[in-house]
Protein chains: 2
Amino acid sequence: MTITQLQYVLAVAEHRNFTLAAEKSFVTQPTLSMQVQKLEDELGLQIFDRGKKPIAITEAGRKIVDQARNIVQEAARIRDIVDQEKGFVGGTYTLGVIPTVMPTLLPMFLKTFTQKYPKVRLVIKEVSTERMIEDLREGHLDAGIAATPLGIESLVERPLYYEPFVAYVPHGHRLEKSGKIGREELDLEDVLLLEDGHCFRDGVINLCQAIPRTEDMPFQLESGSFETLVNLVDEGLGMTLLPYLHTMGLDEKRQRMLRYFQDPPPAREVSLIYHKKELKYQITEALKEVIAAVVRGAIAFQDVQIVSPKRQMA
Amino acid sequence: MTITQLQYVLAVAEHRNFTLAAEKSFVTQPTLSMQVQKLEDELGLQIFDRGKKPIAITEAGRKIVDQARNIVQEAARIRDIVDQEKGFVGGTYTLGVIPTVMPTLLPMFLKTFTQKYPKVRLVIKEVSTERMIEDLREGHLDAGIAATPLGIESLVERPLYYEPFVAYVPHGHRLEKSGKIGREELDLEDVLLLEDGHCFRDGVINLCQAIPRTEDMPFQLESGSFETLVNLVDEGLGMTLLPYLHTMGLDEKRQRMLRYFQDPPPAREVSLIYHKKELKYQITEALKEVIAAVVRGAIAFQDVQIVSPKRQMA
DNA sequence: GATTCATATAAATTTAATCTATTTTGTCGA
DNA sequence: TCGACAAAATAGATTAAATTTATATGAATC
């Protein structure tokens, strides 16, 4: 049994296709096929069921694949240890960021980080929270930035900052004359939401559910960006909620349409999350430091009410 | 990097000698030397300092060796998974047992186990608790039976039974006329102890320390076996404490010299302990089941006061 | 039933691991 | 400081294993 064989198995498990898996592993298809067969022979059981299309993983195979992933990850940590010993912070580092954090946070730290750690090639991907969790597990991402708490056993959450929710209210809206808004004043039917799949959407729904109201709304306008949402509000189609950092980019006219919540304001907790195995943890630490430093000036809310990013049925 | 190379590194780390390590790995010395060198080249750092005798492990090497052990153990679990899938319970299984449990517990379960699982070759070693912990960590033992709780992070403790302490008191001793003994009646100066290194000795000391008394005794007779201790008591040199199972082998005359403790009696917790990684866990489970079943009839104390096997300064 | 896509097999080639034999290095005692 | 010894490194030959190209087989699709 070799680490290479295990890597081949992982590739097949992922792509469900020997040819593609071979390509991704930078070897020819027979090479990969034979090595996988060899391992199966050695273990005396089938990992893959080639009689199906796409290729299926056998029941036993599932467990072996999981353990193989484990071993390959642990093996990767050796390089990690070496890098740390040498004080080398470099290589490719893949970071996932949720869509509602991406446009505001990224510009804040990207330049600083790349200047401070020129040897690290940062690859940044915009992904949903669910996708991020999956990709962190599979090792396709080194870390992610998402709203927490998620409470995923295999992941570590390191809070970066707390970002309050701010209401954006059109002229003539019942909340326009309010000073500070109480969360009980919110009415979900009246709030424009992001489309499904955004955790910020779920956060808002959780927040509104604080007032006893059923979730089945008659009709709802939804969009994928706050930009659109703000425009819809301007058209008088309802109000919306924005994360604090997004409100900083609004022009002065729109700033006046913002309404803040009573203390402690509802907020989302934005964290750096990564696998417990802490691959490339020296880069993760560096990243966390840079972001924390840059964020410290812009957004320093302490006394907030954290809203869960996960849809809650209560 | 291959698993084989990591195994070679572990062998050298253990034996501090390339030649011996090669022998234990069933390869020639140049083979092992070259593979270790190759790995060092690949990683770009020295794992071993050959300029010393015996060979030293470098600072970085220490961390790499630890991780290598981790990887090799995880790799071994693949076989484990396969065995479980196939319902195969077999192979060599090395069990450590502390000296004060060995002679009484072993005869109780050994025959049953080997009959029920003929494909398992049980290798049983008598070791101290400290040695057991070390050997479990290094993977030289698959499991151990010892007094608990130990509170070792990397080990799992699965209690098997609770074994009360019983006093063995000579004729004319102040406790001879007692009915049930209270622990405050004990006086450490008066109690014959096992020699240093036995956790039962520490348990007894802990028990006696319950009464406020200094630990520095003027003179103390000590022995490595209860057999000797009992004989010394018969000679009138003091009393002693025995674990319950040991009292069952005493002849009738000696049985009459036993004095039990008041409820709940002080007792030691005897557990099956093994590494969190749970290598060969199907055998471990089988072993636990067999022992639990056999012990259930002989020793079923529930309401006991567990005495720590670790020396406590309090 | 021909076509296509995917995996398996065969044979040749390259690469890597291991062995035997020998040299170098380091340690220890005279 | 000099052998003498033990242990590790190196060299060259051998064996084993991984990988490649080329080709065959097999299952799904129309």
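These numbers were taken from a predicted model, which means no experiment stands behind them.
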Exercise. In whole angstroms, how far is the P atom of C/dT9 from the CD atom of A/Gln35?
Worked result: 14 Å
Exercise. Where along nucleotides 21-30 of chain D does protein come under 4.0 Å, by heavy atom, of base (B) or sugar-phosphate alone (S), with - for untouched nucleotides?
Worked result: BB-----S--
Problem set entry | N or O in side chain of B/Ser33 less than 4.0 angstrom from D/dA8 OP1/OP2 | no
For this session: With the side chain counted from C-beta on, respond yes when B/Asp49 and B/Ile57 share a heavy-atom pair under 4.5 Å apart, and no when they do not.
Result: no
For this session: Carefully, step by step, assess A/Glu138 and A/Arg131 under the rule salt bridge (charged side-chain N to carboxylate O under 4.0 Å, His left out).
Result: CA-CA 11 Å; A/Glu138 304 247 325; A/Arg131 182 63 192 277; over 6 Å; no
Seminar exercise, completed: Per the under-4.0 Å heavy-atom filter, residues of residues 58-72 of chain B near DNA chain D come out as none
For this session: Select one nucleotide: of D/dA9, D/dA7, C/dA8, the one nearest the side-chain heavy atoms of A/Phe18.
Result: C/dA8
For this session: Count the heavy atoms of every other residue, nucleotide or ligand shown that sit under 6.0 Å from NZ of B/Lys24, and state whether that count exceeds 12.
Result: no
For this session: Check every strand shown and say whether A/Thr19 touches a base, only sugar-phosphate, or nothing at a heavy-atom separation below 4.0 Å.
Result: base
Seminar exercise, completed: When rounded to whole Å, the CG to P distance for the pair A/Asp41 and D/dA17 reads 13 Å
Exercise. Between the side chain of A/Gln5 and the main-chain N/O of A/Thr2, is any donor-acceptor distance below 3.5 Å?
Worked result: yes
Exercise. Expressed in angstrom and rounded to an integer, what is the separation of B/Asn17 atom CG from D/dA6 atom C1'?
Worked result: 9 Å
Problem set entry | Beyond-backbone contact of A/Leu150 with A/Pro309, side-chain heavy atoms, under 4.5 angstrom | yes
Exercise. Starting at CE of A/Met34 and ending at P of C/dT9, how long is that distance when rounded to a whole Å?
Worked result: 8 Å
Exercise. Roughly how many Å is it from CZ in B/Arg16 to C1' in D/dA6, rounded to a whole number?
Worked result: 19 Å
For this session: Output all residues satisfying salt bridge (charged side-chain N to carboxylate O under 4.0 Å, His left out) with A/Glu42, sequence neighbours left out; order by chain, then residue number.
Result: B/Arg79
Problem set entry | Interatomic distance where CG belongs to B/Leu20 and C1' belongs to D/dA6 [whole Å] | 13 Å
Problem set entry | Heavy atoms from other residues, nucleotides or ligands near NZ of B/Lys116 exceed 12 (cutoff 6.0 Å) | no
Exercise. Side chains of A/Ser154 and A/His275: does their closest heavy-atom pair fall under 4.5 Å?
Worked result: yes
For this session: Under 4.0 Å between any heavy atoms, over every strand shown, what does B/Phe48 touch: base, sugar-phosphate, or nothing? Just pick one.
Result: nothing
Problem set entry | Atom-pair distance (CD on A/Glu23; P on D/dT19), nearest Å | 17 Å
For this session: Would you check if A/Ile81 and B/Gln67 make a side-chain contact, meaning some heavy-atom pair closer than 4.5 Å?
Result: yes
Exercise. In whole angstrom, what separates B/Leu39's CG from C/dA16's C1'?
Worked result: 15 Å
